[in-house]
S.K.: 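Dumping the structure here so I can ask a few things about it.
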Amino acid sequence: HLPSNLVLRENGDLEVHGPVSWKEAREFLRPKGKNIKTAPTEELALITAGAATSATGERCFHFGNLRSQIKEITYIDYQGKEKTLSVNNKFQLNSTHLSEYDKSFKNYQEMKNAPFPRLETETDLMIGTEGQLGVITNLVIETTDDLSVQHLFMLLPKWEENLAPHLEVIKKIQSFREEVILCEFIDSNSFSYLPKEERPNQEMDAIFFEVKMDQFEKFYSDFLMDLSFLDENLVFELTETKFHVIRASVPRAVFEKNSQMGVVKMGTDVQVHLDKFEELMNIYKKFTQVGVNYNLFGHFGDAHLHFNFMPSKHQTDVCQKELEYLYQEVVKLGGSPFAEHGIGVIKQKYIRPFWTSAQYNVFKDLKKEHDPHNQFFPPGFMNLTNE
């Protein structure tokens with residue numbers, strides 16, 4: 001119910017006031033020759049909500065995560081006062097546990113999000129803390145020039161049957177982060193939830209690329225043509241609009257199917273370091289053998305995929321056990337269990353193995369200082385105890 005508004009500053013930063021969606025921001029910027037740097041697949045989501053959950057989206061393969069793009073955040077504190085935080089100021093907290101907390105974050109420094117919020121700059125107070133310390137009303141984010149780009153996709157064998165092409169792609173694409181803006185993956189199972197006339201995959205997996213137009217020749221000659229398995233007949237161009245339609249339709253269709261089955265989504269949001277990606281994929285391969293329908297899609301270039309079980313009601317217990325096993329393994333892999341969508345309530349049962357006493361103590365100190373009456377999202381993860 002807040003009033004919404006967008007303002008483009010002279011330096012190119014975008015002021016976001018109130019409930020503005022990523023789609024609205026993109027449409028506001030483009031006539032001005034600018035664009036947002038990243039956005040969730042669901043562009044109708046609100047930017048302020050994205051900050052609260054530290055959502056990351058597709059284009060961070062090139063531009064980095066949302067947290068790195070936020071310059072200022074204005075929020076309402078527990079006294080009803082508006083306060084503004086700046087990325088230029090160091091994070092402050094009256095806690096003896098903060099240094100230990102920061103030390104445990106270092107393993108996740110290069111990932112989109114850790115299993116707990118980063119607490120380095122002042123703006124981190126509101127990013128990824130899921131509204132547990134205040135209500136975000138406005139923010140300022142970086143933008144980029146509206147680049148001329150080319151969208152294309154390549155078809156690969158099904159990952160369950162032959163993972164070698166996928167591993168070759170993810171390894172080689174890392175050297176093209178300057179030329180390639182996004183590198184997204186949708187497996188053959190995911191496409192099966194779309195109407196037949198909307199499936200471009202020919203019962204194969206697909207990897208989508210957004211490439212800078214002025215770098216396309218380099219991408220084509222140095223990346224595509226260097227792939228050992230490449231069949232040029234399985235590489236296709238598509239429009240930006242078509243890409244966004246396909247990319248957004250898959251998770252929407254999965255959500256709708258879960259709703260029809262009367263089950264809560266049973267999916268993952270795991271990111272691992274590149275050298276652990278094959279191990280993660282082998283865990284997902286094991287999941288294909290449990291007798292439950294599934295699909296896999298997500299942010300391939302960042303080794304960050306979403307595996308979704310599609311169970312009937314009587315299969316949910318089986319899926320629950322498999323997910324518990326997965327997160328035990330993710331701890332061993334040094335991965336981040338919820339790299340994009342936050343912890344919320346349903347996922348809390350999986351998060352404890354990723355925390356030490358430092359996380360519990362810092363969260364307690366944060367709530368004491370910024371939410372002493374426990375009025376902001378009381379069931380949130382900051383109220384968990386290590387007992």
Side-chain angles (χ1 to χ4, degrees), residues 1-9 13-32 34-60 63-77 80 82-85 87 112-113 117-118 123-144 182 244-245 247-252 254-256 259 265 267 269 298-299 306 338-347 371 375-377 379-382:
H1 296 287
L2 293 168
S4 63
N5 189 34
L6 290 166
V7 177
L8 183 62
R9 293 181 173 179
D13 291 342
L14 179 67
E15 296 180 16
V16 179
H17 300 271
V20 176
S21 72
W22 296 99
K23 184 174 185 290
E24 290 169 327
R26 191 185 300 278
E27 291 174 349
F28 170 81
L29 288 170
R30 281 201 146 162
K32 301 171 177 59
K34 307 293 285 185
N35 202 343
I36 51 179
K37 287 186 170 182
T38 190
T41 301
E42 181 49 84
E43 289 199 310
L44 298 180
L46 301 183
I47 298 177
T48 48
T53 57
S54 198
T56 54
E58 299 163 351
R59 307 176 93 214
C60 55
F63 289 113
N65 57 26
L66 175 61
R67 183 177 62 228
S68 67
Q69 299 163 21
I70 295 178
K71 308 288 279 295
E72 297 176 14
I73 289 183
T74 300
Y75 73 104
I76 299 175
D77 72 1
E82 270 198 318
K83 294 182 178 179
T84 299
L85 308 171
V87 72
K112 295 180 176 181
N113 288 303
R118 185 188 74 172
T123 49
D124 288 336
L125 183 70
M126 289 290 118
I127 301 174
T129 51
E130 301 183 12
Q132 296 175 89
L133 305 173
V135 179
I136 300 173
T137 58
N138 311 318
L139 53 81
V140 177
I141 59 174
E142 297 174 349
T143 67
T144 182
L182 63 79
H244 283 298
V245 168
R247 187 63 185 87
S249 294
V250 168
R252 288 175 185 169
V254 168
F255 178 81
E256 183 178 343
S259 298
K265 178 183 176 183
D269 183 20
H299 315 300
H306 308 290
F338 313 125
E340 176 170 62
H341 295 301
I343 298 169
V345 175
I346 295 172
K347 298 176 182 177
D371 186 22
Q375 56 193 340
F376 296 122
F377 189 17
F381 64 81
M382 287 189 179

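The figures that follow rest on heavy atoms only: side chains count, while hydrogens, waters and symmetry mates do not.
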S.K.: Checking Glu142 side chain against Lys71 main chain: does a donor-acceptor pair fall under 3.5 Å?
M.R.: no

S.K.: The criterion is side chain to side chain contact (heavy atoms under 4.5 Å, CB included); which residues satisfy it with Ala51, sequence neighbours excluded?
M.R.: Ile70, Ile136, Leu139

S.K.: On a heavy-atom basis, which atom in Tyr75 and which in Gly134 lie closest, and how many Å separate them?
M.R.: CD1-CA, 4.1 Å

S.K.: Measuring from Met126:CE to Gln132:CD, what's the distance to the nearest 0.5 Å?
M.R.: 10.0 Å

S.K.: State, yes or no, whether a side-chain contact exists between Leu6 and Val16 at a heavy-atom distance under 4.5 Å.
M.R.: yes

S.K.: How about CG on Leu44, more than 12 heavy atoms from neighbouring residues, nucleotides or ligands closer than 6.0 Å, or not?
M.R.: yes

S.K.: Can you find a heavy atom in the side chain of Phe377 that is under 4.5 Å from one in the side chain of Val345?
M.R.: yes

S.K.: Quick one: pull up CG in Asn113 and CD in Glu340 and give me the separation to the nearest 0.5 Å.
M.R.: 8.5 Å

S.K.: Among all residues two or more places apart in sequence or in another chain, which pass the salt bridge (charged side-chain N to carboxylate O under 4.0 Å, His left out) test with Glu58?
M.R.: Arg247

S.K.: How long is the span from the CZ atom in Arg59 to the CD1 atom in Ile36, to the nearest 0.5 Å?
M.R.: 7.5 Å

S.K.: Can you tell me how far apart OG1 (Thr143) and CZ (Phe28) are? Round to the nearest 0.5 Å.
M.R.: 10.0 Å

S.K.: Could you work out, with salt bridge (charged side-chain N to carboxylate O under 4.0 Å, His left out) as the rule, every residue matching Lys83, not counting sequence neighbours?
M.R.: Asp77

S.K.: Tell me every residue that passes side-chain hydrogen bond (donor to acceptor under 3.5 Å, both in side chains) with Thr38, counting only those two or more places apart in sequence or in another chain.
M.R.: none

S.K.: Going by side-chain hydrogen bond (donor to acceptor under 3.5 Å, both in side chains), name the residues that satisfy it together with Arg252, two or more places apart in sequence or in a different chain.
M.R.: Glu42

S.K.: Check side chain to side chain contact (heavy atoms under 4.5 Å, CB included) between Glu72 and all other residues, then give those that pass, not counting sequence neighbours.
M.R.: Arg9, Thr84, Val140

S.K.: Minimum heavy-atom separation for Thr41 to Pro251, with atom names?
M.R.: CG2-CG, 4.1 Å

S.K.: Please list, chain by chain and in numerical order, all residues satisfying side chain to side chain contact (heavy atoms under 4.5 Å, CB included) with Thr144, sequence neighbours excluded.
M.R.: Asn35, Lys37, Phe63

S.K.: Report the residues that fulfil side chain to side chain contact (heavy atoms under 4.5 Å, CB included) with Thr137, sequence neighbours left out, ordered by chain and then residue number.
M.R.: Leu2, Thr74, Ile76, Glu82

S.K.: Anything under 30° is parallel, anything over 60° is perpendicular, the rest tilted; go ahead and classify His299 against His306.
M.R.: perpendicular

S.K.: With sequence neighbours left out, write down each residue that passes salt bridge (charged side-chain N to carboxylate O under 4.0 Å, His left out) with Glu24, or none if nothing qualifies.
M.R.: none

S.K.: To the nearest 0.5 Å, how far apart are CG in Leu14 and NZ in Lys32?
M.R.: 9.5 Å

S.K.: Only counting residues at least two apart or in another chain, list the ones meeting salt bridge (charged side-chain N to carboxylate O under 4.0 Å, His left out) with Arg118.
M.R.: Glu120, Asp124

S.K.: For Pro117 versus Gly128, what's the shortest heavy-atom pair and its separation?
M.R.: CG-O, 3.6 Å

S.K.: Using a 6.0 Å cut-off, check whether atom NZ of Lys34 has over 12 heavy atoms from anything other than its own residue.
M.R.: yes

S.K.: At what distance, to the nearest 0.5 angstrom, does CZ of Phe381 lie from CZ of Phe338?
M.R.: 11.0 Å

S.K.: Can you name the closest pair of heavy atoms from Glu43 and Ala39 and give their distance?
M.R.: OE2-CB, 4.0 Å

S.K.: I would like to know whether Val135 and Phe376 meet side-chain contact (heavy atoms from CB on, under 4.5 Å); could you show each step before the answer?
M.R.: CA-CA 8 Å; Val135 179; Phe376 296 122; 3.9 Å; yes

S.K.: Report the residues that fulfil side-chain hydrogen bond (donor to acceptor under 3.5 Å, both in side chains) with Asp371, sequence neighbours left out, ordered by chain and then residue number.
M.R.: Lys367

S.K.: Counting only heavy atoms not in Phe255 (residues, nucleotides, ligands), do more than 12 fall under 6.0 Å from its CZ?
M.R.: no

S.K.: Looking only at non-hydrogen atoms, find the nearest pair between Val20 and Ala25 and report the distance.
M.R.: CG1-N, 4.2 Å

S.K.: Over all heavy atoms of both residues, which pair between Pro19 and Pro3 is shortest? Give the atoms and the distance, please.
M.R.: CD-O, 4.1 Å

S.K.: Can you name the residues that form a side-chain hydrogen bond (donor to acceptor under 3.5 Å, both in side chains) with Asn65, not counting sequence neighbours?
M.R.: Ser68

